[in-house]
Amino acid sequence: MPSTFRLLYVAYLLVLPSGDSFRLPFKDLLMPPPSSRFLKTNLNGFLGLGNNNNNKQEEARLVQEVNLGDPVVMINNVPTVAQGQLSTITLQRYLSSLVSSDESLREMEGLMLSIAMACKTISTLVNRAGINQLTGLETDVMGTRSGSQSGKGKNKAKKNIQGEDQKKLDVLSNGVLKNALKFTGKLGLLASEEEDEALLIESALDSRYVAVFDPLDGSSNIDASICTGTIFGVLEDDTVELKNEYKRNNDDCVRNADAECVSSTEALLQPGSQLAASGYCMYSSSTILVFTLGGSHPVIGFTLDPQLGEFVLTHPNMRVPKRGTYYSVNEGNSWLWDASIRHYIDKIKRGEGETKKRYSSRYVGSMVGDVHRTLLYGGIFGNPGDVKHRNGKLRLVYECSPMSFLVEQAGGGSCTSDGGSVLEVVPESVHQRSTCWLGSIEDVQELKSYLTPEETN
Ligand code: AFP
């Protein structure tokens, strides 16, 4: 039996991901398994066997204590995964270590943990969508699930305020996030792609933060099991507007169909440069939460370990490569683009751009997936707008701004299709659209050299 265990253990190591933060030293392949007990529980989880709840805590303890030791290295007071070790730094542990050196981050810690909790729930919903019949469109007929993709006939597809069909999972994810954030008591106001109006959280009016989010971006891909994601931004509300408004409206609070108190959006209409935090959670072959708290904080990524049910630190300091060789844009619209953008894309794909390298096209059509790849591999992602849609398809407040903030914080660049700064655009409404490009700093600079402000006038 011991030799069978050894064989299985080697097979297990061979199929582990091999990124920097995950790579095990080759010598580990030659060493005996640390304990057959560990191997058994770990393999059970890995193979999806014996996922008995009673075993979960024991598995977690064994994974952490027996196999992995304590691979934490402190860099600038921030716990980081030691080279060659599997991560045992959970999101909670990471955030509490930040709070212990900076007490002012305590509210943010609560908020981030709630977002992470919601993302775990959405990840499960997305994973089980096909099994639990959560694919397809949300319909207008209460309690009826059409199962139809057309939205025609009696069960007409529900639309969001922008006239887009809502998927069942759009609506569910929105509810999950809304509830998670409401109950933190740390958030006074929130806005979402799937909400017509901004919502005032009556129980948290003294709170310091307001949040914006796209609960399930890329949901048109969901029925094909292609990656989707949640995008979020957190802004500080340093005005007294929120409380004053509540006092004004308290007696006669305007409520929406769900009896929620709707609000004006003053505190949410801040440029992206004012974001206190932003990030996304990608639901793909792994569920990965990537965020930054701005300032001197890095962009960090946590992967949901399905065995532990925890986000563990896997990408301690994400930096966008200065250059890439991918462009990511919906080329089906190229005939409608401005000439300058057509010219730029044409040059880089022919290898006639600054690098003289031929760029390849990569486009998922799910912003979170496209941005995540761009963050890791470099290159440029864009939603340029065209003669029909001058401001493109993406939303400024909960897509372009949070993603641009994150990418710039990781050393990348971003701009609008007239070469201006995405982060300086002051929104006039929560659901306003904006063109946006982001990615490797030198690729964005090269694009900008093609753009002229006149093009968009
Ligand atoms: P859905 O959420 O409707 O799938 O839209 C996804 C999205 O907002 C963004 O994630 C994509 O980058 C972009 O739209 C794709 O737009 P095109 O389909 O026009 O390329």
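Counting starts at 1 for both ligands and their atoms, in listed order. Here, residue 1 is the first one in the sequence, and each next residue gets the next number.
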Would you check, one step at a time, whether the test ring pair (Phe, Tyr, Trp, His ring centres under 6.0 Å) holds for Tyr344 with Tyr327? CA-CA 11 Å; Tyr344 164 70; Tyr327 67 94; 8.4 Å; no
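- Looking only at atom types and distance, the side chain of Tyr377 has no donor-acceptor partner in the side chain of Thr325 under 3.5 Å away.
- Considering CG of Asn174 and CG of Leu216, their distance stands at 10.0 Å, rounded to 0.5 Å.
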Given the rule in the salt bridge (Lys or Arg N to Asp or Glu O under 4.0 Å) test, do Glu446 and Arg323 qualify, once you have shown the distances and angles that lead to the verdict? CA-CA 10 Å; Glu446 183 175 352; Arg323 271 283 181 190; 2.8 Å; yes
Set out, in order, the CA-CA distance, both residues' side-chain angles and the distance that settles side-chain contact (heavy atoms from CB on, under 4.5 Å) for Phe311 and Lys120, then state yes or no. CA-CA 9 Å; Phe311 279 107; Lys120 278 191 208 174; 3.7 Å; yes
Please walk me through it: do Arg390 and Asp418 pass salt bridge (Lys or Arg N to Asp or Glu O under 4.0 Å)? CA-CA 11 Å; Arg390 296 305 309 167; Asp418 66 356; over 6 Å; no
Give a table of atom pairs where an N or O of ligand 1 lies under 3.5 Å from a protein N or O.
| unit_1 | atom_1 | unit_2 | atom_2 | d |
| --- | --- | --- | --- | --- |
| ligand 1 | 2 (O) | Gly218 | N | 2.9 |
| ligand 1 | 2 (O) | Ser219 | N | 3.2 |
| ligand 1 | 4 (O) | Ser219 | N | 3.3 |
| ligand 1 | 4 (O) | Ser220 | N | 3.0 |
| ligand 1 | 4 (O) | Ser220 | OG | 2.5 |
| ligand 1 | 5 (O) | Lys393 | NZ | 3.2 |
| ligand 1 | 8 (O) | Asp217 | OD1 | 3.4 |
| ligand 1 | 8 (O) | Glu399 | OE2 | 3.2 |
| ligand 1 | 10 (O) | Asp217 | OD1 | 3.4 |
| ligand 1 | 10 (O) | Asp217 | OD2 | 2.5 |
| ligand 1 | 10 (O) | Met367 | N | 2.7 |
| ligand 1 | 14 (O) | Lys393 | NZ | 3.0 |
| ligand 1 | 16 (O) | Lys393 | NZ | 3.4 |
| ligand 1 | 20 (O) | Asn330 | ND2 | 2.7 |
| ligand 1 | 20 (O) | Tyr363 | OH | 2.5 |

